[in-house]
Amino acid sequence: MALNWIAAFKLIPWTGVAAAAPGILKGAKNLWSRTKKSGNAQEEMVEAAFDGSVAIVNRLVVRVNELEAEQRSASDLINALAEQNAQLVAAVAVLQTRTRLLLALFVVSAVAIIALWLR
């Protein structure tokens with residue numbers, strides 16, 4: 001089972017993920033800011049569209065407000081996930097660098113041990 005996960009992680013194009021992370025984060029932040037700016041524009045449009053029925057307008061206003069709250073919540077979640085993804089990519093890059101350093105240290109140590117053994 002562990003080998004399947006390792007194979008799956010090896011297939012992931014980490015350079016592509018690292019390159020895409022800033023764009024995803026920027027897009028999530030733009031979505032979040034646009035959602036915040038929407039405000040009460042829908043409420044004004046509903047009131048202008050219907051002249052008579054106050055009950056219908058009130059129900060529509062309540063529903064629009066609920067949908068705006070859900071949209072803000074979803075955009076907050078997307079923003080948080082994008083930030084976590086960026087942090088994950090940065091952590092993977094650090095681990096990749098450390099792994100390369102450890103491999104180089106191992107090779108140097110192995111060569112040194114073999115050289116001492118052959119003396």
Side-chain angles (χ1 to χ4, degrees):
M1 182 77 177
L3 294 177
N4 293 337
W5 282 102
I6 293 171
F9 281 123
K10 286 183 179 179
L11 293 175
I12 295 172
W14 290 108
T15 55
V17 173
I24 293 170
L25 181 61
K26 183 179 178 183
K29 286 183 178 182
N30 287 339
L31 175 64
W32 187 69
S33 65
R34 281 186 301 189
T35 303
K36 271 189 146 179
K37 289 179 185 177
S38 68
N40 293 328
Q42 284 88 6
E43 183 177 336
E44 295 170 2
M45 288 173 45
V46 169
E47 288 177 7
F50 293 102
D51 280 341
S53 180
V54 175
I56 293 173
V57 172
N58 287 336
R59 279 187 280 177
L60 289 174
V61 167
V62 168
R63 182 63 181 144
V64 166
N65 289 337
E66 289 173 356
L67 290 173
E68 284 179 349
E70 287 178 20
Q71 188 177 13
R72 282 188 202 104
S73 173
S75 67
D76 287 342
L77 176 62
I78 291 170
N79 191 28
L81 289 173
E83 288 177 4
Q84 288 176 0
N85 187 33
Q87 291 172 355
L88 178 63
V89 168
V92 167
V94 167
L95 289 174
Q96 190 176 27
T97 303
R98 288 181 182 173
T99 302
R100 287 180 181 160
L101 180 63
L102 184 61
L103 179 64
L105 182 64
F106 172 76
V107 169
V108 169
S109 298
V111 169
I113 289 172
I114 290 172
L116 289 176
W117 184 63
L118 292 175
R119 276 185 157 192

Counting distance only, does the side-chain N/O of N79 pair as donor-acceptor with the main-chain N or O of S75 below 3.5 Å?
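No, the answer is negative, given that no donor and acceptor are paired below the 3.5 Å cut-off.
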
Starting from L81, walk the hydrophobic network (Ile, Leu, Val, Met, Phe, Trp, Tyr; side-chain heavy atoms closer than 4.5 Å) and list everyone else you reach, by chain and number.
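Its cluster mates, by chain and number, are L77.
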
So which pairs with a foot in residues 55-65 pass salt bridge (charged side-chain N to carboxylate O under 4.0 Å, His left out), sequence neighbours left out?
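For residues 55-65: R63-E66.
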
Hey, are the side chains of N58 and V62 touching, using non-hydrogen atoms and a 4.5 Å cut-off?
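No, their side chains stay 4.5 Å or more apart.
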
Just jot down the side chain to side chain contact (heavy atoms under 4.5 Å, CB included) partners of Q87, sequence neighbours excluded, or say none.
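Applying side chain to side chain contact (heavy atoms under 4.5 Å, CB included) to Q87 gives none.
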
What pairs of donor and acceptor atoms, side-chain ones from residues 99-115 against any protein atom, are under 3.5 angstrom apart with sequence neighbours left out?
| unit_1 | atom_1 | unit_2 | atom_2 | d |
| --- | --- | --- | --- | --- |
| T99 | OG1 | L95 | O | 2.7 |
| S109 | OG | L105 | O | 2.9 |

